[in-house]
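Structure, as structure tokens:
When reading the values below, keep in mind they use all heavy atoms of this one structure, side chains included, and skip hydrogens, waters and symmetry mates. Just so you know, ligand 1 is whichever comes first in the structure, and atom 1 is the first atom listed for that ligand.
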Amino acid sequence: MAKLDILHFPDKRLRTKAREINNIDDKLRSFIDDMFETMYEAPGIGLAATQVNFHHRVMVIDVSEEKDQPLCFINPVITHKEGVELMQEGCLSVPGFYEDVERAEAISVKALDKQGEPFELTTDGLLAVCIQHEIDHLDGKLFVDYLSPLKRNRIRKKLERMEKEFAAQKTRANSTL
Ligand code: GNR
Ligand code: NI
């Protein structure tokens with residue numbers, strides 16, 4: 001098992017459209033285990049492969065209180081949407097920012113599980129929001145895209161500044177080794 005590095009907005013790689021997966025093998029399953037480890041450690045309730053620079057359609061979610069209900073979706077497709085709902089969202093690729101986003105209130109989604117078995121799920125609430133958020137990642141989309149350009153640019157500038165500060169700190173740490 002290994003913890004993976006998470007890309008941060010405005011990294012261009014987060015804009016990549018992920019490809020369909022047509023081969024579900026042990027190598028992919030081991031990568032999925034790494035995704036779960038990365039998500040639980042973060043901690044987050046979901047993680048899309050795009051966020052860890054793997055541009056294939058796979059995502060993991062666990063919205064349970066006890067963190068004992070792991071869900072894995074391969075090639076997820078939303079087959080039905082109903083209603084609208086506003087929910088405050090955050091994202092591991094946009095650390096420290098939380099904003100209201102409008103999403104479908106209830107959805108049905110079909111996907112393949114880790115064994116390659118097809119399943120379909122109808123849900124609402126946080127799980128429905130999270131599924132829509134993760135599928136957006138696989139399409140190169142982020143929750144900040146739903147905000148005004150003004151808000152999005154403010155977030156981008158703050159994160160760019162933090163990233164620079166972080167890089168400078170790493171350089172200082174290395175030069176004292
Ligand atoms: O951990 C996360 N919390 C969250 C809260 C509200 C709506 C969506 C999310 S997903 C996020 C983890 C993440 O960035 N997944 O891509
Ligand atoms: Ni996210």
Side-chain angles (χ1 to χ4, degrees), residues 2-19 21 28 31-78 81-109 111 113-114 121-148 151-156 158-160 162-163 166:
K3 218 184 110 196
L4 308 165
D5 285 333
I6 297 175
L7 302 176
H8 293 151
F9 174 69
D11 194 312
K12 289 255 177 346
R13 292 171 288 183
L14 288 168
R15 299 311 188 175
T16 313
K17 186 168 164 60
R19 303 224 204 153
I21 290 177
L28 179 69
F31 182 76
I32 290 167
D33 289 341
D34 290 345
M35 285 180 67
F36 274 114
E37 184 181 343
T38 305
M39 175 188 79
Y40 286 126
E41 282 231 353
I45 58 169
L47 186 73
T50 310
Q51 293 177 277
V52 289
N53 203 28
F54 180 70
H55 303 288
H56 300 273
R57 304 188 79 81
V58 55
M59 59 198 218
V60 298
I61 294 181
D62 189 341
V63 297
S64 71
E65 206 68 37
E66 305 291 332
K67 297 292 158 211
D68 57 355
Q69 285 166 54
L71 297 171
C72 172
F73 300 78
I74 296 170
N75 300 337
V77 176
I78 292 179
K81 289 189 185 190
E82 220 173 277
V84 281
E85 158 181 53
L86 209 60
M87 203 184 279
Q88 194 178 64
E89 297 196 15
C91 180
L92 295 172
S93 295
V94 190
F97 295 89
Y98 303 87
E99 298 286 346
D100 281 345
V101 176
E102 204 174 272
R103 301 278 188 187
E105 185 181 7
I107 61 164
S108 297
V109 59
D113 66 17
K114 269 174 87 162
L121 179 75
T122 297
T123 189
D124 58 9
L126 186 59
L127 179 56
V129 167
C130 193
I131 290 169
Q132 293 172 81
H133 176 114
E134 303 312 338
I135 292 178
D136 267 1
H137 275 304
L138 299 180
D139 290 326
K141 208 162 172 172
L142 297 166
F143 86 89
V144 296
D145 299 347
Y146 298 100
L147 309 178
S148 71
K151 263 192 183 170
R152 184 166 52 255
N153 283 328
R154 272 194 199 137
I155 293 173
R156 179 174 55 74
K158 282 184 194 161
L159 284 175
E160 279 172 345
M162 281 173 53
E163 210 77 37
F166 186 68

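Close contacts between ligand 1 and Cys91 involve ligand atoms 14 (O) [criterion: under 4.0 Å to a heavy atom]. Below 4.0 Å from some heavy atom of Gln88 lie the following atoms of ligand 1, by number and element: 6 (C). Remark: ligand 1 atoms within the under-4.0 Å shell around heavy atoms of Leu92 are 12 (C), 13 (C), 14 (O). Close contacts between ligand 1 and Gly44 involve ligand atoms 1 (O) [criterion: under 4.0 Å to a heavy atom].
In terms of modelled atom types and a separation under 3.5 Å, the side chain of Asp124 and the main chain of Glu105 share no donor-acceptor contact. Asp11 places no side-chain N or O within donor-acceptor distance of the main-chain N or O of His8, the cut-off being under 3.5 Å. With hydrogens and angles disregarded, a donor-acceptor distance shorter than 3.5 Å links the side chain of Ser93 to the backbone of Leu7. Asp136 places no side-chain N or O within 3.5 Å of a backbone atom of Lys141 that could act as its donor or acceptor partner.
Looking at atom 7 (C) of ligand 1, its nearest protein heavy atom turns out to be Glu89 CG, 3.5 Å. At the top of the distance list for atom 1 (O) of ligand 1, counting protein heavy atoms only, stands Ile45 N, 3.0 Å. In terms of protein heavy-atom proximity, atom 12 (C) of ligand 1 is closest to Gly46 O, 3.2 Å. Of the protein's non-hydrogen atoms, the one nearest atom 11 (C) of ligand 1 is Gly90 O, 3.6 Å.
Only protein N, O or S atoms were scored, and 3 of them lie under 2.8 Å from the Ni ion (ligand 2).
Side-chain contact check for Met87 versus Leu126: some heavy-atom pair is nearer than 4.5 Å. Counting heavy atoms from C-beta outward, Gln51 and Glu134 have side chains that approach closer than 4.5 Å. At a threshold of 4.5 Å between non-hydrogen side-chain atoms, the residues Phe73 and Ile135 do not count as touching.
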Could you go step by step and tell me if Asn53 and His55 meet the side-chain hydrogen bond (donor to acceptor under 3.5 Å, both in side chains) rule?
CA-CA 6 Å; Asn53 203 28; His55 303 288; 2.9 Å; yes
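Across the listed options Glu134, His137, Met59, His133, His133 owns the non-hydrogen atom lying nearest to atom 8 (C) of ligand 1.
Among all heavy-atom pairs drawn from Asp62 and Asp68, the shortest one is OD2-N, 3.3 Å.
Separation of atoms OG1 (Thr38) and CG (Leu47) is listed at 6.5 Å; rounding is to 0.5 Å.
Here Met87 has no heavy atoms under 4.0 Å from ligand 1, in either its backbone or its side chain.
The aromatic rings of His133 and His137 stand perpendicular to each other, their planes meeting at an angle above 60°, with 30° marking the opposite boundary.
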